[in-house]
Amino acid sequence: MNPEFRPEPLAELRRTHRCGDLRRENSGDEVVLMGWVHRRRDLGGLLFLDLRDRQGLTQCVLNQATSPEAFAKAETLRNEFVVAVRGRVAERSAETRNPNLPTGDIEVHAEDLRILNTARPLPLQVAEEQNVEEGLRMQYRYLDLRRPVMARNLALRHRLAKATRDYLDSQGFYEVETPILVASTPEGARDYLVPSRTRPGHFYALPQSPQLYKQILMVSGVDRYFQLARCFRDEDLRADRQPEFTQIDLEMSFVGMEDVLALVEGLMGHVFQEGLGLELPDRFRRMSHAEAMDSYGSDKPDLRIDMRLHDVSGLVEGCGFGVFQAALEEGARVKALVVPGQAGASRKEQDALKELAVAAGLPGLFFLARAADGMKSSLMKFLGEEKALEICQALGAEVGDLVVLAAGPRTTLNTALGRLRLDFARRYDLFPQDRFEFLWVLDFPLYSWNSDENRLEAEHHPFTSPLPEDAGMLETEPLKVRAAAYDLVLNGNELASGSIRIHQREMQEKVLANIGLSVEQAREKFGFLLDAFEYGAPPHGGLAVGFDRLVALCAGETSIREVIAFPKNANAVDMMSGAPVVVDSEQLDVLRLKIQPRD
RNA sequence: GGGGGCGUGGCCUAGGGGUUAAGGGCGCCGGCCUGUCACGCCGGAGAUCGCGGGUUCAAAUCCCGUCGCUCCCGCCA
């Protein structure tokens with residue numbers, strides 16, 4: 001590099017356009033662009049400079065013959081220097097146009113070049129689409145975010161957030177901020193704790209969601225509330241899970257379930273229209289939780305593929321095959337999946353599928369291939385040609401398809417086959433691209449059984465109202481009570497989750513009692529909410545959308561880290577700042593905290 | 001808490017007990033080049049193969065441990 005080089009001041013120079021703006025219509029205009037040196041092509045007396053900012057690239061031309069001073073400076077440029085270019089827009093000749101660039105019809109003939117700042121050689125290259133190790137990307141996130149893909153993701157996130165605010169505003173919602181320092185509550189994920197200085201030994205928690213506050217806002221008469229709310233959960237991470245994440249949190253008064261579903265359908269419609277220019281159906285498909293589990297083996301079915309779980313217990317009953325017989329006698333089921341076009345799967349391929357089945361938690365897997373020259377199966381001697389054909393017909397398996405069968409107790413069989421369904425779809429590349437399949441899953445159970453702690457727990461959360469027609473069973477058969485809860489599923493991802501809430505103290509105490517909270521404990525933990533219910537709480541309900549997931553799905557990214565500016569790594573560490581960090585003992589003293597040595 | 005994968009110049013990677021093997025691409029440095037757009041051509045610098053230990057006559061390579069990154073299960077109302 002030029003050791004004697006000093007950056008020049010911006011001074012009076014102001015940019016007139018961004019690097020993605022200029023088109024043929026601008027030909028002849030004098031413009032000033034500012035940005036980063038994306039790439040440089042030095043041909044000798046002629047030098048091309050791709051100038052980049054967050055929204056695009058513009059080719060600038062420096063000609064030694066016409067602008068010797070600017071040219072001389074341009075020869076010292078290196079990747080990611082920050083420069084200002086003043087020059088004239090010129091239409092490119094037909095042979096030199098670049099059809100891959102929105103600005104490819106023009107170029108800027110630079111008359112003046114100002115180097116605003118230099119850059120050291122880069123630890124990761126901004127201009128190359130290389131698979132850089134993620135830890136390095138995170139450490140140098142400011143460079144990573146300059147990459148066009150990341151700039152695009154940030155822009156998309158902004159547009160989706162804006163569309164959300166615009167739509168909810170149009171529907172009469174107030175955006176209200178709720179506290180970040182809140183009280184720890186039982187149930188749910190592990191809380192992040194913040195020690196109190198003024199009350200040593202006491203702690204705030206960071207909110208897992210603004211649930212209680214938004215319900216209180218309904219009691220306050222806010223009527224319709226939303227927030228792009230940051231939420232915190234101290235649990236282990238995944239590709240689609242961060243310790244802090246963002247929800248579109250919303251709540252409405254004087255509504256029933258249909259009102260919330262309709263509102264969210266409208267919201268998604270607007271957001272997809274504004275963000276992606278995509279038209280969504282006015283109404284989303286619906287499915288009961290029971291059907292989702294029985295037919296798709298998941299409470300968040302991916303409907304981009306229509307492979308389904310079929311119960312063939314009735315068809316194989318009495319066929320004499322020991323594994324199936326034994327299962328059916330124990331009250332278990334035999335279910336099947338049709339894998340399209342895989343009738344010819346080799347023995348090796350079948351073994352690979354069996355391995356997937358074992359990984360999914362099944363003891364084994366049986367095959368029935370409907371080949372062009374007849375049925376192929378190790379079960380043929382039990383089933384017989386006729387029965388095998390009957391099964392295929394019942395499942396809609398065509399010639400060329402492969403039927404896989406497995407036996408097991410209902411819920412474990414469903415879950416395992418649900419996983420296999422997705423494994424198969426991935427293996428045979430059955431997922432269509434650019435398809436968005438929304439689905440409402442309804443009629444969730446209010447409670448599920450926690451066998452570790454030997455008690456009921458809330459399937460959704462303990463403020464969810466039971467369906468009125470099931471409320472009578474709260475004391476007698478709580479596991480049969482369905483909740484007024486709804487999940488919005490998009491391509492197999494739980495995108496949003498919500499419910500109509502309880503708004504009466506008596507009902508709330510009853511529901512809490514079932515999960516093992518006494519009236520005293522309930523009062524201690526949620527007393528303010530229970531009290532609020534006694535001062536005129538309106539019926540209300542709402543939901544929360546996983547905003548990071550929404551953006552990731554729209555961006556076609558599989559990890560939400562790609563749509564969060566500064567995410568944490570798998571160990572919840574911010575690789576750029578180093579957080580969490582050790583603090584001075586003085587800081588601990590003020591909080592009256594002491595770190596215990598391990599073990 | 002458990003399991004899997006990965007770690008080789010600044011970046012992406014090849015190699016997988018020895019015979020001149022640390023090779024390639026990008027980037028970096030120097031030179032040439034007036035229509036390139038992943039410009040091209042010529043030359044150059046840069047790595048004790050994450051760290052520690054072990055096996056061996058010999059370890060980037062095999063083994064154990066450890067650290068880091070990553071994915072999955074548990075967990076995430």
Side-chain angles (χ1 to χ4, degrees), chain A residues 1-2 38-52 57-66 71 75 78-80 90 92-101 103-104 107 109 119-140 143-144 185-191 208-209 211-212 231-243 245 359-361 415 419 423 444 446-448 450 452-453 456-464 483 485 494 497-499 511-512 515 517 544 546 558-559 561 568-573 575:
Chain A
M1 243 189 298
N2 284 358
H38 191 65
R39 254 190 268 272
R40 215 174 40 110
R41 291 175 294 280
D42 185 350
L43 272 58
L46 191 69
L47 190 152
F48 295 97
L49 184 65
D50 287 340
L51 194 62
R52 187 199 68 243
L57 285 180
T58 300
Q59 172 166 285
C60 303
V61 187
L62 289 111
N63 192 321
Q64 189 167 31
T66 54
F71 180 85
E75 288 201 295
R78 295 296 179 265
N79 285 337
E80 299 305 310
R92 296 200 208 177
S93 68
E95 324 83 68
T96 61
R97 282 189 194 126
N98 185 343
N100 304 318
L101 231 49
T103 60
E107 60 196 9
H109 290 173
R120 290 161 55 197
L122 305 165
L124 59 90
Q125 281 154 242
V126 176
E128 300 291 329
E129 281 304 323
Q130 259 188 161
N131 260 358
V132 182
E133 190 206 328
E134 208 174 335
L136 195 75
R137 293 176 55 200
M138 292 308 166
Q139 190 185 342
Y140 294 98
L143 294 179
D144 191 44
T185 54
E187 296 278 299
R190 195 175 296 116
D191 282 322
Q208 295 179 28
S209 87
Q211 184 61 32
L212 296 171
C231 305
F232 305 86
R233 291 176 192 176
D234 189 5
E235 294 291 349
D236 288 336
L237 276 50
R238 291 283 192 285
D240 65 344
R241 240 193 269 160
Q242 280 278 300
F245 60 98
T415 312
R419 263 183 71 180
D423 288 340
F444 277 79
L446 186 65
Y447 298 111
S448 57
N450 182 330
D452 290 338
E453 295 176 32
L456 290 174
E457 61 186 9
E459 174 77 19
H460 181 57
H461 61 53
F463 313 105
T464 298
E494 183 192 316
S497 184
S499 62
V511 167
L512 288 173
I515 60 171
L517 279 186
T558 47
S559 166
R561 280 179 245 131
K568 312 251 186 305
N569 75 3
N571 297 316
V573 170
M575 304 259 310

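Below, read A as the first sequence line, B as the second, and so on, with proteins coming before strands; counting in each chain starts at 1.
At a cut-off of 3.5 angstrom, counting only N and O atoms as typed in the model, there is a donor on one side and an acceptor on the other between the side-chain of A/Arg92 and the base of B/C37. The base of B/C37 is not paired with the side chain of A/Arg39 by any donor and acceptor separated by under 3.5 Å. Side-chain N/O atoms of A/Glu128 and base N/O atoms of B/G25 include no donor-acceptor pair closer than 3.5 Å. Contact annotation: side chain of A/Asn571 to base of B/G68, donor-acceptor pair absent below 3.5 Å.
Taking 4.0 angstrom as the limit, A/Arg41 places a side-chain polar atom (N or O) nearer than this to OP1 or OP2 of B/C39. Not one side-chain nitrogen or oxygen of A/Arg241 sits closer than 4.0 Å to the OP1 or OP2 atom of B/G74. A close approach under 4.0 Å does occur between a side-chain nitrogen or oxygen of A/Arg238 and OP1 or OP2 of B/C73. OP1 or OP2 of B/U34 has not a single side-chain nitrogen or oxygen of A/Asn63 nearer than 4.0 Å.
A/Gln64 has its CD atom 11 Å from the P atom of B/C32, to the nearest Å. Computed from coordinates, the A/Asp236 CG to B/G3 P distance equals 14 Å when rounded to whole Å. Look at NE2 on A/His109: it is 16 Å from P on B/U34, rounded to the nearest Å. Between A/Phe48 atom CZ and B/G35 atom P there is a gap of 8 Å when expressed in whole angstrom units. Between A/Asp42 atom CG and B/G35 atom C1' the separation is 13 Å, expressed in whole Å.
Counting any heavy atom pair closer than 4.0 Å across all strands shown, A/Asn79 reaches sugar-phosphate atoms only and no base atom. In this structure, A/Glu107 reaches the bases: a heavy-atom distance under 4.0 Å links it to at least one base atom across the strands shown. Within 4.0 Å (heavy atoms only), A/Thr464 reaches no atom of the nucleic acid at all. Nucleic acid contact class of A/Met575 (heavy atoms, under 4.0 Å, all strands): sugar-phosphate only. The residue A/Glu129 sits apart from the nucleic acid: no heavy atom pair falls under 4.0 Å. At the heavy-atom level, A/Ala65 lies under 4.0 Å from base atoms of the strands shown. A/Arg137 comes within contact range of no nucleotide atom at all, as no heavy-atom separation falls under 4.0 Å.
For A/His38, there are no ring pair (Phe, Tyr, Trp, His ring centres under 6.0 Å) partners two or more places apart in sequence or in a different chain. With sequence neighbours left out, the salt bridge (charged side-chain N to carboxylate O under 4.0 Å, His left out) criterion links A/Asp191 to no other residue. The ring pair (Phe, Tyr, Trp, His ring centres under 6.0 Å) search around A/Phe232 returns none, not counting sequence neighbours. Contacts of A/Phe444 classified as ring pair (Phe, Tyr, Trp, His ring centres under 6.0 Å), with partners at least two apart in sequence or in another chain: A/His289.
Spacing of C1' atoms, B/G27 relative to B/A38, comes out at 13 Å, to the nearest Å. Of the P atoms belonging to B/G40 and B/G35, the separation is 15 Å, rounded to the nearest Å. Atom P of B/G24 sits at a distance of 15 Å from the matching atom of B/A47, rounded to the whole Å. Nucleotides B/G9 and B/G5 have their C1' atoms positioned 24 Å apart, rounded to a whole Å. For the P atoms, the distance from B/C6 to B/G53 is 24 Å, rounded to whole Å. If you take atom P in B/G10 and the same atom in B/C62, they sit 23 Å apart, rounded to whole Å. Here, B/G1 and B/C39 have their P atoms 48 Å apart, quoted to the whole Å.
With a glycosidic angle more than 90° from 0, B/A60 adopts the anti conformation.
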With a cut-off of 3.5 Å and sequence neighbours excluded, list every side-chain donor-acceptor pair involving residues 40-48 of chain A.
residue	atom	partner	partner atom	Å
A/Arg40	NE	A/Leu77	O	3.2
A/Arg41	NH1	A/Asp50	OD2	2.9
A/Arg41	NH2	A/Asp50	OD1	3.0
A/Arg41	NH2	A/Asp50	OD2	3.4
A/Arg41	NH2	A/Gln59	OE1	2.9
A/Asp42	OD1	A/Gly44	N	3.0

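Looking at the side chain of A/Asn98, the nearest of the listed nucleotides B/C39, B/C37, B/C28 is B/C37.
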| said: Each nucleotide in nucleotides 7-13 of chain B should get exactly one letter: B, S or -. Can you fill that in based on protein heavy atoms under 4.0 Å? | reply: ---BBS-

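Side-chain atoms of A/Tyr140 and A/Leu122, non-hydrogen and from C-beta on, never get closer than 4.5 Å to each other. Between A/Leu49 and A/Leu62 there is a side-chain heavy-atom pair separated by less than 4.5 Å. Contact annotation: the side chain of A/Met138 never approaches that of A/Val573 to less than 4.5 Å [non-hydrogen atoms, C-beta and beyond].
Distance alone, capped at 3.5 Å, places no donor-acceptor pair between the A/Thr58 side chain and the A/Leu51 backbone.
Residue-to-nucleotide proximity on RNA chain B shows that, of A/Val573 and A/Ala458, the 5′-proximal contact is made by A/Val573. When each of A/Ala570 and A/Ser448 is assigned the nucleotide of RNA chain B bearing its nearest heavy atom, the one mapping closer to the 5' terminus is A/Ala570.
B/U66: Watson-Crick or G-U partner is B/G50, with both key distances under 3.5 Å.
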